[in-house]
Amino acid sequence: MNVLPVNSLDTPRFCGVPTFMRLPQATSLHGLDAAVIGLPSDSGAPFRTGARFGPNAVRAMSVMLRPINPYRGNINVFEKLACADVGDASVVPGYEVESLDRIEESVAALVTAGIVPFGIGGDHSITLAELRAVAARHGPLALVHFDSHSDTWDKYFGGKAYSAGTPFRRAVEEGIVTPGQSIQIGLRGSLFQATDISQSLDLGYDVVTTDEIFDIGFKALADRIAARTAGRPVFLTFDMDFVDPAAAPAVQTPEAGGPSARETLQILRLLHGLDLVGCDVVEANPLYDGPGQITALLAATVLAELMALLASVRG
Ligand SMILES: [Mn+2]
């Protein structure tokens with residue numbers, strides 16, 4: 001199956017229902033290699049809610065993107081991968097556990113059909129539901145996690161276990177990621193406790209702080225990620241607060257002093273050797289984005305780069 005997006009040289013970008021990159025909206029999962037799915041829950045957000053509006057905001061700006069990726073040998077992503085936009089998982093606003101269950105069910109339907117899910121969040125708690133669904137098929141996963149925060153805290157607000165601040169501790173406890181083959185990239189900023197970074201190391205994750213990214217360089221980082229995850233299926237999760245708030249202001253929990261948009265894309269374009277079985281981009285919140293929608297545009301571009309990564313591996 002070869003399904004191409006609407007050609008923006010024939011039909012202007014502002015025409016039509018905005019699916020991701022103007023892909024067809026799937027009416028069937030048959031024959032698909034990859035699918036974009038909106039995961040519009042922000043019931044796990046400790047700070048600025050509104051990521052429930054993320055999927056459609058990212059889709060709206062994704063009409064800017066073109067199918068050929070010049071950073072990976074002019075690959076036409078959609079000639080390599082049969083892709084579609086499958087719409088959104090349903091959620092239960094205000095009910096975190098129930099929303100995670102519904103997201104897991106929707107993602108499981110894709111994974112069971114042999115499709116690589118590309119999720120658009122949603123706050124970061126949704127990734128736990130995706131990991132549950134993907135690990136059910138592929139076994140414990142290598143996690144590649146771009147974020148200015150570890151999201152490995154234990155409990156929030158009267159003992160709540162499920163939150164945008166806890167998914168990667170829960171995932172280790174549930175045995176659905178292999179921390180010894182997983183890596184967190186981009187941590188920076190002030191801490192609740194002196195142990196906020198060592199708690200990730202104690203769980204078994206490798207950690208590369210934002211400062212270390214610039215110390216070791218982007219190529220060495222990409223090589224370290226490939227070596228860390230070698231031999232295991234990879235789930236890559238990208239929190240938009242990895243990026244400096246000057247380039248991605250519209251996130252739940254902005255953290256000053258991050259990589260620029262250009263530096264972020266350079267890093268993603270150097271990734272190689274990953275056996276990608278699932279991806280997401282989370283925490284884009286258009287309520288804080290302003291009329292330029294720059295966070296949504298960058299989120300769309302991040303997801304497109306990850307699709308090109310998968311296409312280059314499958315090619
Ligand atoms: Mn996060």
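We use all heavy atoms of the structure for the numbers below, so side chains are in, but hydrogens, waters and symmetry mates are not. Read the numbers this way: they start at 1 and go in the same order the structure lists the ligands and their atoms. Throughout, numbering of the chain's residues begins at 1 and tracks the sequence. Just so it is clear, the model here is predicted, and its values are computed rather than measured.
- Scanning for ring pair (Phe, Tyr, Trp, His ring centres under 6.0 Å) contacts around Phe168 gives His124, His145, with sequence neighbours left out.
- Remark: Arg59 is not positioned above the aromatic ring of Phe20, lacking an NZ or CZ atom under 6.0 angstrom from the ring centre and at most 45 degrees off the axis.
- Taking a cut-off of 2.8 Å, the protein N, O or S atoms nearer than that to the Mn ion (ligand 1) are His124 ND1, Asp147 OD2, Asp151 OD2, Asp239 OD2.
- A salt bridge is absent between Asp151 and Arg169; no separation between the charged side-chain nitrogens and carboxylate oxygens falls under 4.0 Å.
- Under the 4.5 angstrom side-chain criterion for Ile, Leu, Val, Met, Phe, Trp and Tyr, the cluster partners of Phe53 are Leu287, Tyr288.
- Of the options Ile126, Asp280, Ile37, Val58, a side-chain contact (heavy atoms from CB on, under 4.5 Å) to Ile120 is made by Val58 and by none of the others.
- Legend: residues meeting side-chain hydrogen bond (donor to acceptor under 3.5 Å, both in side chains) with Gln199, ordered by chain and number and at least two apart, are Thr152.
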